[in-house]
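First listed ligand is number 1; within each ligand, the first listed atom is number 1. Side-chain atoms are counted along with the backbone in the values below, which use heavy atoms only and exclude waters and symmetry mates. Starting from 1, each residue takes its place in the sequence as its number.
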Amino acid sequence: MKPGVTHRNHGGPPVLKMENIRKTYDMGDTQVIALKQAYLCLEAGDFAALKGPSGSGKSTLLNICGLLDSANDGELEFLGQPVAGLNNRQLTLLRRENMGFVFQSYHLLPVLSASENIEYPLLLKGEDVKTRQNRVAELIEQVGLSRFAHHRPDHLSGGQRQRVAIARALVNQPRLVIADEPTANLDTETATQMIELMHALGKAQGTTFLIATHDERMAARCDRVLNMRDGEIHETTEIAVHEMA
Ligand SMILES: Nc1ncnc2c1ncn2[C@@H]1O[C@H](COP(=O)(O)OP(=O)(O)O)[C@@H](O)[C@H]1O
Ligand SMILES: [Mg+2]
């Protein structure tokens, strides 16, 4: 066993594994290389920041991890299953059953209340009313919004909206939550609370988190830091060194 490489492996396949992922965008006559050669392995319970300046390829990488976009080249496995060759319906099911998403601008449905927004993925999944009620009550309590269950998003603060989005992302007990700049619209104190909340819920449920951020302070609160530069990932290795000591 190689120390520092396998220490996060709890047995079973990694939650997500990408090798040599390349992604280009065609812009008329020119080609933008968004991901040059990206390698990433996320294990169960990882709480990882994807840090990098604007334009470094974070959103592109998250879209590929989230099965929302495909790479030009390279290999991607989710829960030990190669993703290449799956059709759109299979990808949608895989996403719906096993993934949650959090975005910078919350992406809540404006006509639904906080609790209805949280319930929505369970409706898509076809869960019965009792299961839905229990799970929504549990989540809304965990994110500290029980008193705001019936409020619509426009009657909630930015931090409260993001709490609803975090609850919605976790309601299906996904294996992986992908968050694209989830704290970029929030003040530092609220942003810190959001990271701490995701960390606590992720640890409690054993959910893996991959969080894109350009904010050093938010990245520093994560257990792993993956630095994105010019379409490549360079992992900060202090954590592995620390755990080997
Ligand atoms: N849909 C697109 N069409 C063309 N170029 C894109 C598109 N999306 C992203 N890019 C380019 O790919 C690079 C990486 O962008 P992105 O993944 O959005 O980075 P980040 O999220 O780190 O800001 C940038 O040069 C950006 O301009
Ligand atoms: Mg981005």
Side-chain angles (χ1 to χ4, degrees), residues 15-42 46-78 83-84 88 91-92 95 99-108 158-159 161-166 168-169 174 176-188 190-192 194-195 197-199 202 208-237:
V15 170
L16 186 128
K17 188 170 155 202
M18 62 164 53
E19 285 190 342
N20 207 8
I21 289 283
R22 182 179 168 83
K23 175 72 180 177
T24 57
Y25 296 105
D26 287 326
M27 299 280 284
D29 292 343
T30 60
Q31 228 187 20
V32 180
I33 303 173
L35 297 176
K36 219 179 271 174
Q37 218 181 17
Y39 289 82
L40 175 64
C41 188
L42 296 173
D46 274 356
F47 193 78
L50 182 67
K51 190 182 80 175
S54 177
S56 59
K58 302 183 299 298
S59 293
T60 301
L61 188 94
L62 293 194
N63 289 341
I64 291 171
C65 289
L67 314 178
L68 298 163
D69 199 0
S70 55
N72 297 80
D73 205 358
E75 276 148 50
L76 179 65
E77 286 183 12
F78 182 61
V83 165
N88 276 339
L91 292 173
T92 302
R95 223 172 24 236
M99 289 188 188
F101 294 87
V102 180
F103 302 96
Q104 177 176 347
S105 48
Y106 325 120
H107 288 204
L108 300 178
R161 289 180 205 185
Q162 202 56 305
R163 284 173 188 270
V164 174
I166 291 167
R168 179 182 58 183
L176 175 64
V177 171
I178 289 174
D180 198 352
E181 308 262 5
T183 61
N185 284 347
L186 305 172
D187 62 79
T188 305
T190 310
T192 305
M194 254 7 87
I195 298 281
L197 177 67
M198 288 191 281
H199 192 263
T208 302
F209 273 78
L210 180 60
I211 304 170
T213 180
H214 59 261
D215 189 333
E216 294 269 353
R217 290 166 303 179
M218 298 308 138
R221 293 183 173 273
C222 296
D223 301 336
R224 288 178 72 183
V225 181
L226 308 156
N227 297 292
M228 189 103 222
R229 251 197 328 267
D230 300 330
E232 289 183 296
I233 298 172
H234 305 270
E235 178 153 17
T236 310
T237 52

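Remark: ligand 1 and Gly55 share an N or O pair separated by less than 3.5 Å (distance only, no angle test). Checked by distance only, ligand 1 and Met27 stay at 3.5 Å or farther apart across all their nitrogen or oxygen atoms.
For ligand 1 and Val32, the ligand atoms under 4.0 Å from any heavy atom of the residue are 11 (C), 12 (O), 25 (O). Annotation for ligand 1: atoms under 4.0 Å from non-hydrogen atoms of Pro53 are 22 (O). The Lys58 neighbourhood of ligand 1 comprises atoms 17 (O), 19 (O), 20 (P), 21 (O), 22 (O), 23 (O), with distances under 4.0 Å to a heavy atom of that residue.
Closest approach of Lys58 and Glu181 over heavy atoms only: CE-OE2, 3.2 Å. Closest approach of Ala165 and Tyr106 over heavy atoms only: CB-O, 3.9 Å.
The single protein non-hydrogen atom nearest to atom 19 (O) of ligand 1 is Gly57 N, 3.1 Å, given as residue, atom name and distance. When hydrogens are left out, the protein atom nearest atom 16 (P) of ligand 1 is Thr60 OG1, 3.7 Å; that is the closest non-hydrogen contact. The protein heavy-atom contact nearest to atom 6 (C) of ligand 1 is Tyr25 CD1, 3.2 Å. Looking only at protein heavy atoms, the nearest one to atom 18 (O) of ligand 1 is Ser59 CB, 3.8 Å.
Taking 2.8 Å as the threshold, Ser59 counts as a candidate ligand of the Mg ion (ligand 2), since one of its N, O or S atoms lies below it.
Using a 4.0 Å cutoff on heavy atoms, Gly231 does not count as a contact of ligand 1. Residue-ligand proximity: Ser54 is placed with a non-hydrogen atom under 4.0 Å from ligand 1.
At distances below 3.5 Å, not a single donor-acceptor pair connects side-chain atoms of Arg161 with backbone N or O atoms of Leu108. In this structure a side-chain-to-backbone donor-acceptor pair under 3.5 Å is missing from Glu232 to Lys36. Listed for the Asn72 side chain is a donor-acceptor partner under 3.5 Å among the backbone atoms of Thr24.
More than 12 heavy-atom neighbours from other residues, nucleotides or ligands sit within 6.0 angstrom of CD on Gln31.
Between Asn20 and Tyr39 the shortest side-chain heavy-atom distance falls below 4.5 Å.
Note: Asp215 CG to Thr183 OG1 = 6.0 Å, rounded to the nearest 0.5 Å.
Proximity of atom 27 (O) of ligand 1 to the protein is not indicated, since no non-hydrogen protein atom lies closer than 4.0 angstrom.
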